[in-house]
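A short worksheet on the structure shown next.
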Amino acid sequence: MAHIALPDESLPGIVGLFNFRPETAAPLQLLAETLLRGESPLTSGERELIASYVSLLNDTHFCHTSHGSAAMAHLGYDLSLIDDIKNGFQQIEVSPKLRALLHIAGKVQKSGKAVTDEDVAAARAEGAGDRDIHDTVLIAAAFSMFNRYVDGLGTWAPQENEAYREMGQRMAFTGYVRFPVKADTAEV
């Protein structure tokens with residue numbers, strides 16, 4: 001049960017919080033849409049992997065698994081490979097460039113100041129440009145905020161990967177923005 005009284009306690013994670021405050025849901029949904037599905041040199045699948053990875057590091061099961069499910073949908077992987085994110089990407093194909101960007105995302109999750117010139121140089125050596133680095137840092141920072149929102153209010157999350165299949169498909173192929181945002185339709 002969440003730390004606050006939500007209108008619909010059956011809605012998990014950020015979905016329940018969006019239902020609580022639709023007026024704050026709309027800009028947060030737009031931010032997620034822009035970061036994960038908007039124009040970027042990184043594919044939506046790569047960006048979802050970054051979001052899922054940062055959420056894993058923040059120990060936010062709902063965000064890790066829902067965005068992992070969206071990544072699997074984008075990348076055409078079986079839902080069971082969400083667990084491969086926890087195992088350091090042994091089965092999911094991750095380019096050297098993306099691996100270097102994931103390293104930067106992990107640093108941002110700890111502290112933005114943890115990112116070093118050497119981290120950026122390593123990403124550049126693997127082909128990352130300014131926009132790749134920018135988008136990675138912003139996704140990592142935004143998902144640290146989303147994770148703290150979800151966990152700080154004590155929301156609940158289904159434990160099984162399968163519970164996230166439909167949500168991941170919807171996030172990947174329909175998106176995050178629900179206009180007009182109504183109390184009963186907001187989701188991420």
Side-chain angles (χ1 to χ4, degrees), residues 12-14 17 28 31-155 157 159 161 164 167-168 171-172 176 188:
I14 205 165
L17 301 177
L28 292 175
L31 177 60
E33 179 74 18
T34 302
L35 292 177
L36 301 175
R37 292 173 35 93
E39 188 272 320
S40 175
L42 298 170
T43 70
S44 288
E46 291 170 327
R47 289 177 278 162
E48 291 283 5
L49 282 177
I50 293 167
S52 180
Y53 178 66
V54 168
S55 298
L56 170 70
L57 295 177
N58 282 321
D59 194 27
T60 305
H61 181 76
F62 179 83
C63 297
H64 160 63
T65 311
S66 62
H67 290 281
S69 178
M72 298 307 105
H74 278 297
L75 299 171
Y77 286 116
D78 183 76
L79 197 61
S80 66
L81 285 184
I82 290 173
D83 295 331
D84 190 51
I85 298 168
K86 296 174 188 167
N87 297 325
F89 303 97
Q90 300 299 309
Q91 295 176 286
I92 297 171
E93 249 183 80
V94 175
S95 69
K97 176 177 108 174
L98 182 56
R99 198 166 292 279
L101 292 171
L102 287 163
H103 177 74
I104 289 173
K107 293 280 193 92
V108 171
Q109 179 268 335
K110 292 177 184 132
S111 166
K113 292 181 179 183
V115 179
T116 65
D117 290 339
E118 292 78 19
D119 298 324
V120 172
R124 288 190 191 288
E126 296 298 348
D130 286 348
R131 183 67 188 270
D132 297 304
I133 296 164
H134 171 275
D135 291 0
T136 297
V137 169
L138 185 52
I139 291 165
F143 272 84
S144 289
M145 181 267 300
F146 283 129
N147 299 158
R148 283 157 182 76
Y149 181 40
V150 166
D151 290 339
L153 288 170
T155 64
Q159 293 304 301
N161 291 350
Y164 295 87
M167 183 184 298
M171 289 164 35
Y176 293 91
V188 154

Tell me the closest heavy-atom pair linking [X] and [Y], and the distance in Å.
X      : Y      : answer
Asp151 : Asp59  : OD2-O, 3.8 Å
Ala123 : Leu101 : CB-CD2, 4.2 Å
Pro96  : Glu126 : CB-OE1, 3.2 Å
Ile50  : Ala105 : CG2-CB, 3.9 Å
Ala70  : Tyr176 : CB-OH, 4.4 Å
Gly45  : Ala71  : O-CB, 3.9 Å

At what distance, to the nearest 0.5 angstrom, does [atom1] of [X] lie from [atom2] of [Y]?
X      : Y      : atom1 : atom2 : answer
Leu31  : Leu35  : CG    : CG    : 4.5 Å
Tyr53  : Gln109 : OH    : CD    : 8.0 Å
Asn147 : His61  : CG    : NE2   : 12.5 Å
Leu57  : Lys110 : CG    : NZ    : 7.0 Å
Ile133 : Leu138 : CD1   : CG    : 14.0 Å

Would you confirm whether [X], through its side chain, and [Y], through its main-chain N or O, come within 3.5 Å as a donor-acceptor pair?
X      : Y      : result
Arg148 : Ser144 : yes
Ser52  : Glu48  : no
Thr155 : Ile14  : no
Gln91  : Phe89  : no

Regarding [X] and [Y], do their side chains bring together a donor and an acceptor under 3.5 Å, going by distance alone?
X      : Y      : value
Asn161 : Ser69  : no
Ser80  : Asp78  : yes
Asp119 : Thr116 : yes

Indicate yes or no: at least one non-hydrogen side-chain atom of [X] is less than 4.5 angstrom from one of [Y].
X      : Y      : result
Asp84  : Asn87  : yes
Met171 : Glu33  : no
Val94  : Leu102 : yes
Asp83  : Lys86  : yes
Leu42  : Arg131 : no
Ser95  : Arg99  : no
Ile92  : Met72  : yes
Val150 : Cys63  : yes

Checking side-chain contact (heavy atoms from CB on, under 4.5 Å) for the pair Gln159/Thr65: CA distance, chi angles, key distance, verdict? CA-CA 9 Å; Gln159 293 304 301; Thr65 311; over 6 Å; no
Side-chain ion pair, Asp135 and Arg47, N-O less than 4.0 Å: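 No, no charged N to carboxylate O under 4.0 Å.
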Would you call Lys97 and Glu46 a salt bridge, using N to O less than 4.0 angstrom?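 Answer for the salt bridge query: no.
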Please determine whether side-chain contact (heavy atoms from CB on, under 4.5 Å) holds for the pair Val108 and Val54, giving the CA-CA distance in whole Å, both sets of side-chain angles, and the decisive distance to 0.1 Å. CA-CA 9 Å; Val108 171; Val54 168; over 6 Å; no
Please determine whether side-chain contact (heavy atoms from CB on, under 4.5 Å) holds for the pair Leu75 and Leu49, giving the CA-CA distance in whole Å, both sets of side-chain angles, and the decisive distance to 0.1 Å. CA-CA 10 Å; Leu75 299 171; Leu49 282 177; 3.7 Å; yes
Would you confirm whether the ring centroid of His67 sits within less than 6.0 angstrom of the ring centroid of Phe143? yes
